[in-house]
Number of protein chains: 2
Amino acid sequence: MVMPADTPRRTARGKNPNRSREHNRRVVLDLLRSQGRTGRRELAELTQLTPQAVTNIIDDLIAADLIVIAGRRRIARGRGQPPHEYEINPAGAFTIGIELAVTRMVTTVVDLAGELLHRDVTAIAEGGPATLLPAIGTRVAQLRADHPGRLMGLGLVMPGPFEIEGFSGVGPTTLPGWAGIDVAADLRDRLGVPVVVENDANAAAVGETLLGVGKEMTDFCVVYFGTGIGLGLISEGRPVRGAFGNAGEIGHIVVTPGGRPCPCGQHGCLERYASLHSLRERLADDGRVLSVDDLDTLAPEGDPVVAAWLEDAAAHLSPMISILENVFDPQTIILSGGLPPACLDAIIARLSFGPSVARRSDRMVPPVIRGQSGLLTAALGAAALPLHEAITPRLDLSDLQETTLKGSAP
Amino acid sequence: MVMPADTPRRTARGKNPNRSREHNRRVVLDLLRSQGRTGRRELAELTQLTPQAVTNIIDDLIAADLIVIAGRRRIARGRGQPPHEYEINPAGAFTIGIELAVTRMVTTVVDLAGELLHRDVTAIAEGGPATLLPAIGTRVAQLRADHPGRLMGLGLVMPGPFEIEGFSGVGPTTLPGWAGIDVAADLRDRLGVPVVVENDANAAAVGETLLGVGKEMTDFCVVYFGTGIGLGLISEGRPVRGAFGNAGEIGHIVVTPGGRPCPCGQHGCLERYASLHSLRERLADDGRVLSVDDLDTLAPEGDPVVAAWLEDAAAHLSPMISILENVFDPQTIILSGGLPPACLDAIIARLSFGPSVARRSDRMVPPVIRGQSGLLTAALGAAALPLHEAITPRLDLSDLQETTLKGSAP
DNA sequence: ATACTTAAAAGAACTTGCCTTATTAATTTC
DNA sequence: GAAATTAATAAGGCAAGTTCTTTTAAGTAT
């Protein structure tokens with residue numbers, strides 16, 4: 001049975017000396033990023049290149065200001081000359097991350113070491129892409145002028161699901177007026193730097209790989225509390241986006257059959273219990289309104305409505321955690337998002353789940369941990385996106401269908 | 001918070017001319033496999049290499065007997081000299097796939113085009129690895145003598161979950177006596193060819209990529225009916241194995257809270273409804289015994305017990321399908337395994353599920369389709385494993401075993 | 001029929017990246 | 001202080017893929 005596919009099959013590109021060069025520099029950068037200061041000899045062993053090749057690569061990266069000499073190893077490990085060690089040069093470049101929500105825009109500027117250089121939150125008036133895209137353009141230009149060094153790229157977080165592939169950035173279908181607009185291409189042309197567009201959960205997951213637990217792990221899940229609830233998936237250090245770029249849309253998975261009705265038509269969707277939206281509903285029942293500013297000061301103890309919501313959210317999140325562990329067998333599951341740390345911790349403390357392949361006795365990492373949290377989470381993840389694109393070794397894929405020059409002659 | 005990881009972080013290897021060479025040959029082979037007959041010019045476009053480079057690669061692959069000239073393109077596309085086209089040489093090499101179950105061993109021999117050259121099913125007496133590993137060794141040696149050409153490798157399917165990483169092959173924890181034994185290493189040393197050990201679902205998934213729908217798709221799920229029920233996950237053409245190699249253990253995900261009790265301690269596990277084991281239980285209630293030989297003749301219609309089971313299995317599988325669509329956003333979900341085609345079709349026809357990101361109107365592939373089915377499914381998947389290792393372009397990770405295109409001559 | 005255009009294949013010289021080998025320098029160990 | 005060990009450097013070689021040119025083969029137009 002031959003079946004037409006919805007998306008073109010992507011195949012790997014061939015390598016030539018130039019592309020190998022690029023690849024090798026990525027490999028070394030990635031190692032220095034995840035390992036911290038390292039000597040040439042060790043880099044050569046890890047990359048399985050010769051020390052001489054590593055030397056050349058190091059020279060290049062130093063010339064590009066991406067790494068610096070960290071000094072000589074002090075603690076002697078044996079005989080012989082102690083090696084020079086190298087590390088990422090934080091000041092070598094920076095990235096900008098923007099979270100675009102319905103009512104606000106959170107902007108972050110982050111250096112190569114993941115250090116926050118700048119942050120701001122601005123309210124945005126009702127406005128479609130026609131006004132917002134130029135606004136982002138000028139905002140980035142300002143930030144670029146304010147910060148010395150090289151801008152490596154812009155990461156943009158928008159609410160999914162996206163229309164086509166998440167990767168090279170297409171407009172979301174939930175923000176009105178954005179459908180069908182290639183946001184990444186527009187901004188790339190406007191700014192002349194790489195632009196990556198992602199949903200909040202995937203951005204948070206990439207953020208964790210680069211700036212969080214990623215130094216230790218390559219296979220994990222990120223459950224992200226945005227307005228709804230999302231899932232970011234990292235397998236072998238790279239995000240899993242699915243065939244159409246919308247993997248991780250777990251909000252409408254039924255965790256409690258016959259539970260609360262959901263606008264999607266089902267009953268008992270996860271999003272009805274474990275999301276900021278559901279918390280807002282609870283507070284509204286109580287006659288209260290939760291503003292953005294209140295979010296970071298939300299107290300898990302003391303407020304009975306919040307406490308009840310936490311209990312409820314944890315109860316319905318537990319089966320989801322169980323599903324993720326069984327389906328992915330991750331090193332850990334990270335709870336992250338726009339809630340204050342104490343709230344995420346409270347949810348984690350209230351989780352309960354049955355047996356799974358992850359329930360092994362010898363695991364060293366807790367099954368669920370807290371990741372980046374608070375208002376900046378998504379924007380920090382956004383800033384990590386172009387960094388990830390730039391320095392992570394990858395298998396270059398090229399689209400297959402476009403290139404079949406079977407019958408077209410101009 | 002720095003967290004010690006359970007598994008070492010795997011990093012990408014650097015590329016040198018030799019490794020680029022290997023990579024490029026894989027890329028070309030992979031294209032010829034998935035595209036069928038193709039000319040040099042087109043290969044150059046797709047791989048983004050120069051025609052000259054492709055020529056050299058083609059010459060190499062022809063010399064290695066892996067591809068042959070398929071002839072000249074007959075149908076003129078325009079002016080100019082018509083290109084020579086090339087295709088995989090089915091007779092160039094073969095692989096052996098073995099499914100090792102508790103009571104039987106299914107063996108397949110498959111050529112490069114995926115054509116079945118030989119099959120047999122043998123009952124195995126009670127025996128641990130000490131007797132079975134040598135038995136497999138001699139069996140493979142016989143098959144090697146019977147078939148001309150080069151043996152590219154051996155794939156072995158065993159019931160998981162595995163103790164550590166699935167990839168380079170470690171013993172399963174469910175077959176008594178196999179825990180802690182590195183089956184792949186043992187057989188590799190015994191036979192001198194690459195050996196890949198996997199669970200049934202992952203093997204079936206790799207089988208689908210190479211011999212099934214893989215020509216069209218790179219992102220899909222395979223739900224596999226073995227004794228229990230398993231999931232194989234293909235993302236960007238490569239299997240997702242999880243941190244400890246046990247991704248896809250969906251049998252004990254609770255699909256019906258408060259449902260049938262399960263030995264695992266939970267209630268309502270998927271495996272209680274949708275598995276051969278549950279069918280056997282149903283038949284046993286009726287005083288019947290289902291033998292292996294009966295399996296391929298199982299009739300969905302006519303037998304009320306089977307019909308009832310199918311209905312029940314589909315009802316409880318539906319929420320699982322929904323979960324997979326939301327979590328992975330796959331091109332399709334393939335139902336596969338040791339059931340006759342008619343049974344799988346019957347289950348698919350009885351599935352029902354609510355909205356999800358996959359419920360888009362413009363999709364061209366049905367959300368759930370039938371894949372390889374019947375007694376040979378797992379063994380065919382097993383045979384696909386070493387082929388996949390050998391010809392799929394990949395991002396080399398540091399601790400991967402070296403698998404070259406060279407294979408070994410008899 | 002003949003000449004022109006287009007496209008594929010083949011060959012020679014070039015470029016580029018990593019590898020190999022030899023040499024020098026800086027520590028620790030005995 | 002000499003031997004052992006490891007790091008850094010420099011020069012020459014190798015093997016990919018690239019570039020450029022020529023040859024071959026088919027269509028198209030006059």
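Bear in mind the structure is a predicted one, so any value in this text is a computation, not a measurement. Hydrogens, waters and symmetry mates play no part in the numbers below; they use all other heavy atoms, side chains included. By convention in this document, chain letters (A, B, ...) are assigned in the order of the sequence lines, proteins followed by strands, and residues within each chain are numbered from 1.
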Any donor and acceptor pair, going by atom type alone, linking the side chain of R144(A) with main-chain N or O of L191(A) inside 3.5 Å?
-> yes
Round to the nearest Å and state the distance from H23(A) atom NE2 to dC18(C) atom P.
-> 11 Å
Does Q81(A) make a side-chain donor-acceptor contact with the base of dA25(C), cut-off 3.5 Å?
-> yes
Pair R37(A)-E87(A), salt bridge (Lys or Arg N to Asp or Glu O under 4.0 Å): steps then yes or no = CA-CA 5 Å; R37(A) 37 190 302 172; E87(A) 63 187 0; 5.1 Å; no
May I have the distance from I62(B) (atom CD1) to dA9(C) (atom P), rounded to whole angstrom?
-> 11 Å
Between T95(A) and A383(A), is there a donor-acceptor pair closer than 3.5 Å when you use the side chain of the first and the backbone of the second?
-> yes
The reported gap from CD in E208(B) to CZ in F220(B) (rounded to nearest 0.5 angstrom) is 6.0 Å
Stepwise salt bridge (Lys or Arg N to Asp or Glu O under 4.0 Å) check, E236(A) with R238(B) = CA-CA 11 Å; E236(A) 299 191 335; R238(B) 281 172 293 283; over 6 Å; no
Per-nt protein contacts along nucleotides 16-21 of chain D (heavy atom under 4.0 Å; B base, S backbone sugar-phosphate only, - none) come out as SSBB--
Taking atom P of dA7(C) as reference, at what distance in whole Å does atom NE2 of H84(B) sit?
-> 18 Å
What nucleotide among dA8(C), dA9(C), dA8(D) has an atom nearest to a side-chain atom of R41(B)?
-> dA8(C)
Going by atom types alone, do T47(A) and R13(B) pair a side-chain donor with an acceptor below 3.5 Å?
-> no
Can you tell me how far P of dT6(D) sits from CD of E42(A), to the nearest Å?
-> 14 Å
